[in-house]
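Numbers here simply count residues along the sequence, with the first being 1. Computed from a predicted model, the values in this text were never measured in an experiment. Atoms within each ligand, like the ligands themselves, are counted from 1 in listed order.
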Amino acid sequence: MANKNPKEERTYVMIKPDGVKKGLIGEIIKRFEQRDLKIVALEMFQPTREEIDNHYPKDAVWITRLGEKTIGTYNKYSFDLMEDFGTIEPEKIGPEIRKWLVDYMLSAPLVKMVVEGTHAVDMVRKICGPTFPYLADMGTIRGDFSNDSPALANAEKRAVANILHASETPEEAIHEIEHWFGKKETHRYKRHGE
Ligand code: ADP
């Protein structure tokens, strides 16, 4: 259920291994804060495989969608799905991409945070830019700091490295904040001028 006070909308953000290794922790926080969003919880941690596995959806629709995206990339660039995956079925390709994603997320410590403010979910997604960095506009985090693409990533048998994760809907944010912070404290304070 979405929060009643628009100023108190919260979203979950996780800086991925490439974001941490590129030294972008401060830059990312800066971009949220300069847009009047509040950091109300923050921590660096090394996740377990189980935690990451439970973070990403396991339902057939989500997994098939991952497979379909890869099929789209392969068709666009005339790559050979049979050669790389031994199948052309999205429901069989999706689990492979999901496995690459879990491996990638375990390859370095992550930074998790809860970001609060008006339209926090949409605003943070806008600041991040779309999933594939090579399509992200300049001025977004993904557009400014990465050129990764599924064509390159899939050829190298890995997930697309796109610097950070951010919840897609307020409902997903509530679920992800509960998953990653549980009973841990989030903070309340007024920003200057509030
Ligand atoms: P987002 O993280 O932008 O919400 P998705 O939920 O669609 O995007 O995908 C989850 C993550 O899986 C992406 O952030 C990216 O790291 C990876 N990913 C998505 N699609 C592909 C793909 N076709 N090939 C490799 N990795 C992918």
Partner set under side-chain contact (heavy atoms from CB on, under 4.5 Å) for S78, not counting sequence neighbours: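 Listed in chain order: nothing, the list is empty.
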Should the pair E116-R188 be classified as a salt bridge under the 4.0 Å nitrogen-to-oxygen rule?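 No, E116 and R188 are not salt-bridged.
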One thing to verify: whether K99 and D103 come together as a salt bridge, which I'm taking to mean a side-chain N less than 4.0 angstrom from a carboxylate O.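 The answer is yes: the pair qualifies as a salt bridge.
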Is the number of heavy atoms from other residues, nucleotides or ligands under 6.0 Å of R35 CZ greater than 12?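 No - once you tally the heavy atoms of other residues, nucleotides and ligands closer than 6.0 Å, there are 12 at most.
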Tell me every residue that passes salt bridge (charged side-chain N to carboxylate O under 4.0 Å, His left out) with E33, counting only those two or more places apart in sequence or in another chain.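 Scan of E33 (salt bridge (charged side-chain N to carboxylate O under 4.0 Å, His left out), adjacent residues dropped) gives none.
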Table of N or O contacts for ligand 1, cutoff 3.5 Å:
{"from": "ligand 1", "atom 1": "3 (O)", "to": "T131", "atom 2": "OG1", "distance (Å)": "2.6"}
{"from": "ligand 1", "atom 1": "4 (O)", "to": "R125", "atom 2": "NH1", "distance (Å)": "3.1"}
{"from": "ligand 1", "atom 1": "7 (O)", "to": "R65", "atom 2": "NH1", "distance (Å)": "3.2"}
{"from": "ligand 1", "atom 1": "7 (O)", "to": "R65", "atom 2": "NH2", "distance (Å)": "3.4"}
{"from": "ligand 1", "atom 1": "7 (O)", "to": "K69", "atom 2": "NZ", "distance (Å)": "2.7"}
{"from": "ligand 1", "atom 1": "8 (O)", "to": "T131", "atom 2": "OG1", "distance (Å)": "3.3"}
{"from": "ligand 1", "atom 1": "14 (O)", "to": "K16", "atom 2": "NZ", "distance (Å)": "2.9"}
{"from": "ligand 1", "atom 1": "14 (O)", "to": "N162", "atom 2": "ND2", "distance (Å)": "2.8"}
{"from": "ligand 1", "atom 1": "16 (O)", "to": "K16", "atom 2": "NZ", "distance (Å)": "3.2"}
{"from": "ligand 1", "atom 1": "16 (O)", "to": "V160", "atom 2": "O", "distance (Å)": "2.7"}
{"from": "ligand 1", "atom 1": "23 (N)", "to": "T70", "atom 2": "OG1", "distance (Å)": "3.1"}
{"from": "ligand 1", "atom 1": "24 (N)", "to": "N154", "atom 2": "ND2", "distance (Å)": "3.1"}
{"from": "ligand 1", "atom 1": "26 (N)", "to": "V160", "atom 2": "N", "distance (Å)": "3.0"}

ring-ring contact (aromatic ring centres under 6.0 Å, His included): which pairs involve residues 22-66, sequence neighbours left out?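 Sorted pair list: F45-W180, H55-H165, H55-W180, Y56-W62.
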